[in-house]
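Okay, handing you the structure first.
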Amino acid sequence: QRQLLESGGGSVQAGGSLRLSCAASEYSIGTSCMGWFRQAPGREPEGIASIDTDDSTLYRESVKGRFTISKDSAKNILYLQMNSLKEEDTAMYYCAAPSPIFVCRIHFLSDPRGFWGQGTQVTVSS
């Protein structure tokens with residue numbers, strides 16, 4: 001059964017860094033569009049970063065220059081390096097594999113026709 005398992009979340013002070021990891025099983029991240037989206041309480045999910053099969057990346061404007069998405073296809077792990085964290089980055093972060101019917105864009109990462117992991121909480125305090 002295909003599965004995505006996130007880890008690396010936690011509590012940090014503003015300005016700090018975290019690296020999220022997503023281990024995939026029964027699913028090849030190297031041959032699929034992958035990404036991260038987040039959801040804060042009471043808010044809609046928002047796609048924040050995607051990486052395509054050719055390693056091209058896209059980012060939400062609010063995280064550009066601070067977050068970096070990458071993958072290790074040999075290990076089948078997706079990463080999200082988050083630097084200069086802000087309080088507004090506080091959310092549950094999900095590793096996502098959007099449906100292949102979509103082009104690889106952050107907008108489609110939380111569409112229910114794809115799938116995602118259970119999430120990892122990131123809390124940034126001042």
Side-chain angles (χ1 to χ4, degrees):
Q1 180 177 341
R2 61 186 186 180
Q3 190 175 20
L4 301 172
L5 183 62
E6 303 94 336
S7 61
S11 297
V12 295
Q13 289 193 319
S17 298
L18 284 172
R19 188 175 81 155
L20 306 184
S21 298
C22 170
S25 58
E26 304 296 324
Y27 194 79
S28 173
I29 67 166
T31 58
S32 308
C33 171
M34 298 293 298
W36 294 89
F37 72 89
R38 65 189 180 189
Q39 187 169 22
R43 300 190 66 175
E44 292 294 314
E46 54 181 32
I48 53 175
S50 65
I51 184 165
D52 210 339
T53 54
D54 63 356
D55 291 344
S56 59
T57 58
L58 292 172
Y59 295 93
R60 188 176 193 84
E61 194 63 36
S62 61
V63 307
K64 281 182 180 178
R66 300 189 298 123
F67 291 10
T68 303
I69 189 172
S70 62
K71 62 185 177 183
D72 185 329
S73 297
K75 295 181 178 179
N76 216 24
I77 298 176
L78 182 73
Y79 300 102
L80 185 68
Q81 177 67 43
M82 305 187 296
N83 299 327
S84 302
L85 282 161
K86 304 176 180 181
E87 286 185 78
E88 52 263 42
D89 294 319
T90 295
M92 187 72 81
Y93 283 69
Y94 298 88
C95 168
S99 169
I101 66 173
F102 298 123
V103 293
C104 195
R105 298 288 186 271
I106 60 172
H107 177 72
F108 300 117
L109 292 175
S110 59
D111 185 279
R113 284 166 284 190
F115 71 103
W116 47 86
Q118 86 291 345
T120 186
Q121 177 68 36
V122 171
T123 302
V124 185
S125 59
S126 60

key: Sub-4.5 Å side-chain heavy-atom contact between Y93 and I48   = yes
ask   = For M34, does its backbone N or O pair with a side-chain atom of S32 as donor and acceptor, under 3.5 Å?
value = no
query = Can you check whether D54's main-chain N or O pairs, donor with acceptor, with D52's side chain at less than 3.5 Å?
reply = no
ask   = Taking all non-hydrogen atoms of both residues, which atom of Q1 and which atom of E26 are closest, and how far apart?
value = O-CG, 3.4 Å
query = Counting N and O atoms only, with roles assigned by atom type, does the side chain of E6 sit under 3.5 Å from a partner on the main chain of G119, one being a donor and the other an acceptor?
reply = yes
message = Using the rule that Ile, Leu, Val, Met, Phe, Trp and Tyr join whenever any side-chain heavy atoms are under 4.5 Å apart, tell me whether L20 and L109 fall into a single cluster.
response = no
key: Interatomic distance, Q13 atom CD to S126 atom OG [nearest 0.5 angstrom]   = 8.5 Å
ask   = So how far is it from D111 CG to I101 CD1, rounded to the nearest 0.5 Å?
value = 6.5 Å
inquiry  = I'd like to check M82 versus D89 (side-chain heavy atoms, cut-off strictly below 4.5 Å). Are they in contact?
reply    = no
message = Any heavy-atom pair between the side chains of T68 and Y79 that's under 4.5 Å?
response = no
key: Any donor-acceptor pair under 3.5 Å from Y59 side chain to I69 backbone   = yes
ask   = Which pair of non-hydrogen atoms, one from S73 and one from G30, has the smallest distance, and what is that distance?
value = OG-CA, 3.5 Å
remark   = For N83 and S17, the nearest pair of non-hydrogen atoms, with its separation, is OD1-OG, 2.9 Å
request  = Could you tell me whether the side chain of N76 and the main chain of I29 form a donor-acceptor pair under 3.5 Å?
outcome  = yes
message = In this structure, is the centre-to-centre distance between the rings of F37 and W116 below 6.0 Å?
response = yes
inquiry  = Taking V12 as the starting point, is it possible to reach L80 by hopping between hydrophobic residues whose side chains are less than 4.5 Å apart?
reply    = yes
inquiry  = Is it the case that the side chain of R60 and the backbone of G47 share a donor-acceptor pair, with hydrogens and angles ignored and the cut-off at 3.5 Å?
reply    = yes
ask   = With a 4.5 Å heavy-atom cut-off, do L58 and R105 have their side chains touching?
value = yes
request  = Taking all heavy atoms of Q39 and all of P45, pick out the closest pair and write down the distance.
outcome  = NE2-CD, 3.5 Å
ask   = NZ/K71 to CD1/I77 distance, rounded to the nearest 0.5 angstrom?
value = 13.5 Å
request  = Find out whether V63 and R38 are in side-chain contact, i.e. whether some heavy atom of one side chain is under 4.5 Å from a heavy atom of the other.
outcome  = yes
query = Are any of the side-chain heavy atoms of L4 and L78 separated by less than 4.5 Å?
reply = no
message = Looking at T90, is its backbone amide N or carbonyl O close enough to the side chain of T123 to form a donor-acceptor pair, meaning the two atoms are under 3.5 Å apart?
response = no
task = Could you tell me whether the side chain of W36 reaches within less than 4.5 Å of the side chain of C22, counting heavy atoms only?
result = yes
key: Residues, nucleotides or ligands: over 12 heavy atoms within 6.0 Å of E88 CD   = yes
request  = Give me the ring orientation class for Y27 and F115: parallel if the planes are under 30° apart, tilted from 30 to 60°, perpendicular past 60°.
outcome  = perpendicular
